[in-house]
Amino acid sequence: MTIPLNDATQRPHVVLDRITKSYGGGSPILDDIGLTVRRGEFVSLVGPSGCGKSTLLKLIAGLTPLDSGAISVDGMTPANARETVSFIFQDATLLPWRTVSQNVGLALELERAPQEIRQQKVDALLKLVGLEHAAKSYPRQLSGGMKMRVSIARALSTRPSLLLLDEPFGALDEISRDRLNEELLRLKAEQGWTAIFVTHSVAEAVFLSSRVLVLAPHPGRIAKEIEIDLPYPRTAETRSLDAYEDLVALTGRTLRGVHGL
Amino acid sequence: MTMRRVLLRLLNAITLFALLLFLWQCIIWVFHLAPYVLPTPWAIARVVVQRFPALWSSLLTSAIAAGGGLLASIVVGVAIAMLFAQSRWLREMLLPYTILLQTVPIVAIAPLLLMWIGPGLFAVTLVAFIICLAPIIANTTQGLIGVDRNMVDLFTMHNATRAQILWKLRLPHALPALFTGIRIASGISVIGAITGDLFAGSATVGQGGLGYSITYALAQVQTDYLFALVFAATMLGFFFFFAVVFLEWCFLHHWHESVQTGDR
Ligand SMILES: Nc1ncnc2c1ncn2[C@@H]1O[C@H](COP(=O)(O)OP(=O)(O)OP(=O)(O)O)[C@@H](O)[C@H]1O
Ligand SMILES: [Mg+2]
């Protein structure tokens, strides 16, 4: 049996079906979470510290096992879907003994891409994130924002269709963060991947996302879904729209609600 | 400017050294010490020149034993640490034995080795090897398993094999710790070679190391030669230590902070 092409592209990208998770048989970290992410969506997760946001991303990446329920990514199990998924961590996770271009090339190297192709791709990626001039630098010589750009370039090197981002800009100042938010959306518009993004910043979540999920703690569950119906492409001007400010206020209120404030 | 500073620093060092020698000489004058209690610096310099071939041969023998033991301990120690890094179970079972390796009195082991394999360079090298092994294993294992969880996850996300995680992540990450281990081992390798030599060194003329020559000089009450031998042993330790520091700098200076700023 062959699946019609449009069927495959209209299939949801990520489906979480009533999943629960605890570590080592302790109290549940995540309880009965159901979530469907459409292809090309940008979904953000916000919620109090310790409510299980990172755990949720790790489950979707297949980096930690489920207790019950099921996760499908592109119709596959998370472990089998890994070739189409990239993970971006809060600390840029660069290898300090490698130069910037060697770091960007790491993922391709692990997948045994030939040297010439690798070099071409790395050069193109460095240009994409505006780091051509730093190709030969070592991570310790870079600012936080530059390190994050390297990390993004590395994540994009394998042409993923799904990007999992765990507070990637959490350690940056506001100006760098805004700049990188805009760049991230530009890259997404060019490459069309789906994104699941964890953040503590309500403004960032609203700016980037098509949908924001507010999680409540003990055990972690989805307390509220907020549709962000601001049109793409979004730019720096989007931040001065009334509709944007209203959504930030609404999301902020909801988040304070689950905090019990 | 910098050239002048280097010269100035050199001059300082030389002045201090000369001052120390002078103080030494003064002590001998003031207390009327006999040459067999404390020889003059001049007498030691003379004996170094006079007996240079014998001194050099002892030094070389000890250098080979210490260096050979150190190199072997690096190869074997890193291999064992790589094995330990593969499984927690193995580590928990075998790590206590490496601590045993560290606490076993080497002076008690040396006579045993002498009995089992006979005196000679090999037995002495083995003593140096045994006492170097523990710090290499302990430090390297720490470095190999101390990798950030997220780094391992990153490699897993890109379907890295166990071998790739070992060679491209764990080993480079362990390099600074390995060098710390080698630095510690380089100092004690000389101690091992000399201690080993006291017990298991070859008594054949021209084949004993510094330890053997020290016993010999002591028996003959050749205090000036004894001082020359101690001086040579110290120099050997110095040389090893700085050779390792230099290698460490070569390998790590472009990425590792501790080597960059010079403080540890
Ligand atoms: N490997 C682990 N083993 C045991 N417990 C863990 C592990 N990782 C996380 N936890 C626990 O699971 C809970 C959720 O952790 P998680 O890191 O997913 O939260 P988070 O929402 O990402 O928090 P933050 O916003 O601070 O990053 C916490 O109580 C944490 O202590
Ligand atoms: Mg987290």
Side-chain angles (χ1 to χ4, degrees), chain A residues 54-55 57-64 73 78-100 102-113 118 136-142 150-151 154-160 162-168, chain B residues 78 81-82 85 88-89 92 139-140 142-182 245-264:
Chain A
S54 300
T55 303
L57 282 196
K58 289 202 169 178
L59 286 168
I60 298 172
L63 292 171
T64 184
V73 178
N80 287 334
R82 260 187 211 137
E83 265 166 44
T84 66
V85 183
S86 282
F87 205 121
I88 297 178
F89 302 87
Q90 170 171 358
D91 45 349
T93 56
L94 304 182
L95 304 179
W97 52 88
R98 286 177 171 239
T99 62
V100 164
Q102 288 167 339
N103 264 293
V104 173
L106 175 73
L108 294 165
E109 193 181 313
L110 292 176
E111 290 171 13
R112 299 180 199 283
R118 213 159 72 206
K136 298 221 157 21
S137 305
Y138 285 87
R140 62 176 179 80
Q141 301 168 303
L142 307 181
V150 178
S151 187
R154 179 182 60 198
L156 296 178
S157 67
T158 52
R159 302 223 121 247
L162 174 64
L163 226 55
L164 305 172
L165 307 100
D166 193 356
E167 297 185 48
Chain B
V78 170
M82 278 162 75
R88 166 185 292 259
W89 173 77
E92 278 169 1
N139 281 282
T140 312
Q142 270 314 314
L144 289 172
I145 63 175
V147 173
D148 184 21
R149 179 78 235 168
N150 283 348
M151 291 283 199
V152 180
D153 282 348
L154 172 78
F155 273 64
T156 310
M157 281 310 290
H158 295 293
N159 289 318
T161 60
R162 265 180 108 81
Q164 280 177 323
I165 292 180
L166 183 62
W167 288 100
K168 290 179 194 281
L169 179 59
R170 292 193 191 278
L171 270 177
H173 179 268
L175 214 52
L178 170 61
F179 268 110
T180 305
I182 298 177
V245 169
F246 175 72
L247 273 181
E248 187 176 2
W249 183 85
C250 290
F251 274 95
L252 302 181
H253 74 101
H254 56 282
W255 66 272
H256 200 252
E257 300 293 342
S258 75
V259 182
Q260 258 304 303
T261 52
D263 55 22
R264 290 167 209 284

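Proteins come first, then strands; the chains are lettered A, B, ... in the order of their sequence lines, and each starts at number 1.
Between the CH2 atom in B:Trp255 and the OH atom in A:Tyr138 there is a gap of 10.5 Å [rounded to 0.5 Å]. B:Lys168 NZ to A:Arg98 CZ: the interatomic distance, rounded to the nearest 0.5 Å, is 5.5 Å. Rounded to the nearest 0.5 angstrom, B:Asn150 CG and A:Gln90 CD are separated by 9.5 Å.
Looking only at side-chain heavy atoms (C-beta outward), A:Phe89 and B:Asp153 come within less than 4.5 Å of each other. Side-chain atoms of B:His173 and A:Leu95, non-hydrogen and from C-beta on, never get closer than 4.5 Å to each other. Annotation: side chain of B:His254 is not in contact with side chain of A:Gln141 (no heavy-atom distance under 4.5 Å). Looking at A:Glu83 and B:Met157, their side chains never come closer than 4.5 Å, going by heavy atoms from C-beta outward. Using a 4.5 Å cut-off on side-chain heavy atoms (C-beta onward), A:Ser86 and B:His158 make contact.
Neither the backbone nor the side chain of A:Asp166 comes within contact range of chain B; no heavy atom of the residue lies under 4.5 Å from a heavy atom of that chain. For a residue to count as touching a neighbouring chain, one of its non-hydrogen atoms must lie under 4.5 Å from one of that chain's; by this rule A:Thr93 touches chain B with backbone and side chain alike.
Comparing B:Leu175, B:Thr161, B:Leu169, B:Asp148 by how many heavy-atom pairs each has under 4.5 Å with chain A, the most go to B:Leu169.
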A:Leu106/B:Phe155 under side-chain contact (heavy atoms from CB on, under 4.5 Å): CA gap, chis, key distance, verdict: CA-CA 9 Å; A:Leu106 175 73; B:Phe155 273 64; 3.8 Å; yes
